[in-house]
Amino acid sequence: MPTCCTEAPRPVIAVREYARRRRQLMHLAGDDAIVIVPAAPERIRNNDAPYPYRQDSDFHYLCGFPEPDAVLALLPGRTQAETILFCRERDPSREVWDGPRIGPDGAVDQCGLDDAFPIDDIDDILPGLIEGRSRVYYHFGRDSDFDLKLIGWIKRVQTLRGPLARAPHEFVALSHLLHDLRLYKSKDELALMRQAAAIAAEGHRRAMRAARPGLYEHQVEAELLHAFRNAGAVPSYEPIVGGGTNACVLHYRANNALLRDGDLLLIDAGAEFACYASDITRTFPVNGRFSAEQRALYEIVLAAQDAAIAQARPGRPWTAPHEAAVEVIARGLCELGLVAGAPAAAIASGAYKRFFPHKTGHWLGLDVHDVGDYRVDGEPRELEPGMVMTVEPGIYIAPDAADIEPRWRGIGIRIEDDIAVTRTAPELLTFGVPRTVEEIESHMSTARS
Ligand code: GLY
Ligand code: MN
Ligand code: MN
């Protein structure tokens with residue numbers, strides 16, 4: 001029997017929440033606008049074998065409809081129907097091959113839309129809906145095939161009515177309005193994100209228990225995948241499972257090397273549950289015991305993460321966690337003699353970046369690197385309740401750093417957790433994964449006894 005996360009009732013986004021999101025977006029877009037959002041196209045891997053289908057996050061956010069070949073049109077203020085979906089019709093002969101389709105009638109019920117039509121009728125219907133709207137909100141340039149279709153529908157408005165045509169004259173990027181809404185997570189979204197985090201946490205615990213010298217990285221990856229699929233989730237990005245010096249490759253993905261006694265293993269892997277992402281990194285010794293050098297660097301990254309998480313509070317600038325992490329890491333590197341001079345100088349000159357080259361986090365939500373502006377009017381955005389971010393400092397000493405004592409070379413460490421900003425203390429979504437040196441060594445030794 002599956003043991004993780006399948007016994008509790010599965011959290012869901014209620015139909016009324018999708019309706020609320022559409023209303024909010026329509027209110028921001030205004031009564032003379034039309035909003036057009038296509039579903040993600042199905043992508044072919046080779047011949048007739050498709051890649052696993054993942055709905056477009058914006059489309060999903062606005063209606064929760066799970067199929068390809070669909071287009072959502074929002075028409076604020078329209079009296080007959082403000083929210084309209086075009087989707088595939090039911091088709092028993094296709095459904096024998098591909099499984100059931102929801103169909104237009106089902107979509108109206110299931111997604112709480114005002115109306116739905118067959119996608120094959122969109123060329124006849126959509127130009128009439130566009131007519132009279134002065135602004136089109138759409139993701140221009142994201143899908144060139146769909147861009148061309150949209151241009152065709154707008155031209156059609158003109159040919160339909162000739163000189164009397166009232167075709168839109170403003171074309172506005174949809175991302176600004178929509179992605180600002182997505183940045184603030186609702187209660188139900190947070191429930192799903194806790195679930196995604198719990199599943200990833202179980203994957204990391206399992207991987208940590210299984211790791212040992214002589215295994216290959218992909219065999220540890222298999223433990224993560226087992227936990228994810230067991231709980232009905234998929235990876236939210238390609239897992240990074242990097243032993244030894246592979247941990248210093250920030251986007252390492254080969255996951256095919258042998259794990260060696262004395263090396264660290266860095267695992268950066270998250271689960272996606274009901275389209276919501278989690279994102280966790282742990283770094284631990286393959287043999288279950290940190291060496292003195294590994295431990296010294298690990299303690300710095302851990303302290304940096306603690307300091308960064310403490311900054312994830314409302315009213316603080318989005319950059320505050322990174323600045324706190326930089327301060328701890330620069331101090332630690334200077335104390336160990338890995339960076340010359342005083343910490344303040346290392347920060348001012350950026351000398352620490354050689355070992356900590358990335359930022360400390362990113363928004364998290366339907367996408368692992370989620371949407372939402374990081375700056376507002378040129379200033380770092382202030383954190384507010386409902387925002388979810390990762391906190392992921394690291395130190396990486398390149399294996400060929402000739403000016404660094406050999407005992408430090410090739411060590412790569414990152415620790416990453418997911419944090420929800422609340423009115424009060426930050427909420428750690430990814431709790432329960434061994435994080436301190438003692439917790440990790442104890443978890444691994446229990447697995448070995
Ligand atoms: N795994 C991608 C990231 O940590 O940002
Ligand atoms: Mn990550
Ligand atoms: Mn991340």
Side-chain angles (χ1 to χ4, degrees), residues 54 57 182-183 185 193-194 196-208 217-218 220-221 223-225 227-228 233-243 246-255 264-273 275-284 298 301-302 304-306 308-309 311-312 318-322 324-326 329 353 355-372 374 383 387-396 412-421 426-435:
R54 166 58 159 78
S57 294
R182 277 180 52 187
L183 182 55
K185 275 65 181 181
M193 294 191 73
R194 285 187 197 105
I199 296 166
E202 170 61 13
H204 278 265
R205 284 192 296 270
R206 202 181 151 104
M208 214 180 265
E217 292 164 345
H218 59 78
V220 179
E221 180 183 2
E223 301 292 328
L224 296 159
L225 299 178
F228 295 178
V234 293
S236 50
Y237 51 90
E238 290 297 301
I240 295 170
V241 183
N246 293 335
C248 296
V249 181
L250 295 179
H251 290 167
Y252 178 70
R253 287 222 301 271
N255 297 358
L264 289 177
L265 175 60
L266 182 153
I267 300 181
D268 182 342
E272 178 181 288
F273 181 74
C275 288
Y276 283 87
S278 53
D279 185 6
I280 299 179
T281 306
R282 285 293 181 270
T283 311
F284 56 88
Y298 191 91
V301 179
L302 189 67
Q305 201 204 27
D306 283 338
I309 291 173
Q311 291 296 320
W318 133 260
T319 43
H322 180 61
V326 164
I329 285 177
K353 288 185 188 167
F355 303 112
F356 177 25
H358 56 76
K359 291 280 190 269
T360 302
H362 48 82
W363 306 134
L364 184 72
L366 287 168
D367 299 333
V368 65
H369 289 180
D370 206 31
V371 295
Y374 287 95
L383 297 176
M387 294 177 175
V388 178
M389 63 199 291
T390 67
V391 179
E392 48 178 309
I395 294 179
Y396 316 88
I413 295 167
R414 179 164 64 256
I415 310 173
E416 175 173 29
D417 284 284
D418 304 344
I419 302 293
V421 180
E427 178 186 348
L428 177 66
L429 301 178
T430 44
F431 62 87
V433 195
R435 197 176 74 96

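Hydrogens, waters and symmetry mates are skipped; everything else that's a heavy atom, side chains included, is used. None of the values given here were measured: they were computed from a predicted structure. Start at 1 and go down the list; that is how both ligands and their atoms are numbered.
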Ring geometry between Tyr374 and Trp363 (parallel below 30°, tilted from 30 to 60°, perpendicular above 60°)
parallel

If we only consider heavy atoms of Arg414, is any one of them less than 4.0 Å away from an atom in ligand 1?
no

Which of the numbered atoms in ligand 1 are under 4.0 angstrom from any heavy atom belonging to His362?
3 (C), 4 (O), 5 (O)

Kindly report the OE2-the Mn ion (ligand 3)-OD2 angle for Glu416 and Asp279 respectively, rounded to 10°.
80°

So which protein heavy atom does atom 5 (O) of ligand 1 come closest to, and at what separation?
His369 NE2, 2.6 Å

Between Tyr252 and Asp268, a side-chain donor and acceptor under 3.5 Å:
no

Backbone or side chain, does any N or O of Glu416 fall under 3.5 Å from an N or O of ligand 1?
yes

Using a 6.0 Å cut-off, check whether atom CZ of Phe431 has over 12 heavy atoms from anything other than its own residue.
no

For atom 3 (C) of ligand 1, grab the closest protein heavy atom and report residue, atom and distance to one decimal in Å.
Asp279 OD2, 3.3 Å

With a cut-off of 2.8 Å, does any N, O or S atom of His369 fall short of it relative to the Mn ion (ligand 3)?
no

Which atoms of ligand 1 sit under 4.0 Å from any heavy atom of Tyr237?
1 (N)

What I want to check is whether the side chains of His322 and Gln311 have a donor and an acceptor closer together than 3.5 Å.
no

Of the backbone atoms (N, CA, C, O) and the side-chain heavy atoms from C-beta on, which set of Ile240 has a member under 4.0 Å from an atom of ligand 1: side chain, backbone, both, or neither?
neither

Considering residues at least two apart in sequence or located in another chain, which fulfil the salt bridge (charged side-chain N to carboxylate O under 4.0 Å, His left out) criterion with Arg54?
Glu272

Would you mind naming the N, O or S atom of Glu392 nearest to the Mn ion (ligand 3)?
OE2

Run the numbers on Asp279 and His369 for side chain to side chain donor-acceptor pair (under 3.5 Å), then give the verdict.
CA-CA 9 Å; Asp279 185 6; His369 289 180; 4.9 Å; no

Sidechain N-carboxylate O distance under 4.0 Å for Glu238, Arg253:
no

Evaluate the side chain to side chain contact (heavy atoms under 4.5 Å, CB included) criterion for residues Met193 and Asp418: first the C-alpha distance (whole Å), next the side-chain angles of each, then the deciding distance (0.1 Å), finally the verdict.
CA-CA 9 Å; Met193 294 191 73; Asp418 304 344; over 6 Å; no

Would you say Val368 touches ligand 1, if touching means a heavy atom closer than 4.0 Å?
no

Within the stated cut-off of 2.8 Å, is an N/O/S atom of Asp268 closer than that to the Mn ion (ligand 2)?
yes

His358 vs Tyr396, test: side chain to side chain donor-acceptor pair (under 3.5 Å). Steps then yes/no.
CA-CA 10 Å; His358 56 76; Tyr396 316 88; 2.6 Å; yes

Of all N/O/S atoms in His362, the name of the one nearest the Mn ion (ligand 3):
NE2

